[in-house]
Amino acid sequence: MRVSAAAMYVCICKGITDTQIRAAVQDGVSSLRDLRNTLGVASQCGKCGTLTRDIVRESLQDHAGSEEQLFYAVS
C-alpha cells in the first residue's frame, strides 16, 4: 500500500486530490465513471483522466490485497 505524506492534486479544475480518490475507492467507487459522478473529477478539461484512472486501478489492487490479508480459511 502506498502511503504519501501529503496529498497531491490530481484534478485542478475541481480541486480533487489523490487522497480523495483513494477514499472514494475504499467507499465502493470502482470506475472512472463512478468517480466522475461522485467527485466530479475529469468532468471539466479531462487532462486528469489518465492519472485518475491509474490511481483508481492501483487503489482497487491495494484494496483487494488488503482484503486477502484480512480473511483466512478456517479448517
Side-chain angles (χ1 to χ4, degrees):
M1 175 182 274
R2 178 184 289 178
V3 177
S4 59
M8 171 184 67
Y9 280 97
V10 175
C11 179
I12 302 301
C13 296
K14 294 289 188 170
I16 306 299
T17 66
D18 63 326
T19 304
Q20 290 171 292
I21 294 168
R22 293 176 200 285
V25 170
Q26 285 185 329
D27 289 340
V29 170
S30 61
S31 69
L32 181 58
R33 178 180 291 168
D34 290 344
L35 197 58
R36 187 180 306 122
N37 292 335
T38 302
L39 297 177
V41 68
S43 63
Q44 293 287 317
C45 73
K47 291 182 180 180
C48 61
T50 302
L51 179 57
T52 300
R53 187 176 297 114
D54 291 344
I55 293 170
V56 169
R57 286 180 183 159
E58 178 184 293
S59 297
L60 287 169
Q61 289 174 350
D62 288 348
H63 187 65
S66 67
E67 285 182 355
E68 289 175 9
Q69 294 173 0
L70 293 177
F71 300 104
Y72 298 94
V74 178
S75 46

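One-based numbering along the sequence shown.
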Verify same cluster id: [X], [Y] (apolar side-chain graph, 4.5 Å):
X	Y	result
L35	I12	no
M8	I21	yes
V29	L60	yes

Quick one: pull up [atom1] in [X] and [atom2] in [Y] and give me the separation to the nearest 0.5 Å.
X	Y	atom1	atom2	result
K47	C11	NZ	SG	12.0 Å
D18	E58	CG	CD	9.0 Å
R22	D27	CZ	CG	14.0 Å
L32	C48	CG	SG	8.0 Å
T52	L39	OG1	CG	9.5 Å
I55	L51	CD1	CG	4.0 Å

Looking only at non-hydrogen atoms, find the nearest pair between [X] and [Y] and report the distance.
X	Y	answer
R36	A42	NE-O, 3.5 Å
S43	K14	OG-CE, 3.4 Å
T19	A7	OG1-CB, 3.5 Å

Next on the checklist: For the backbone of T17 and the side chain of Q20, can you confirm whether one donor and one acceptor N or O come within less than 3.5 Å of each other?
Outcome noted: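 Pair found, side chain donor or acceptor close to backbone of T17.
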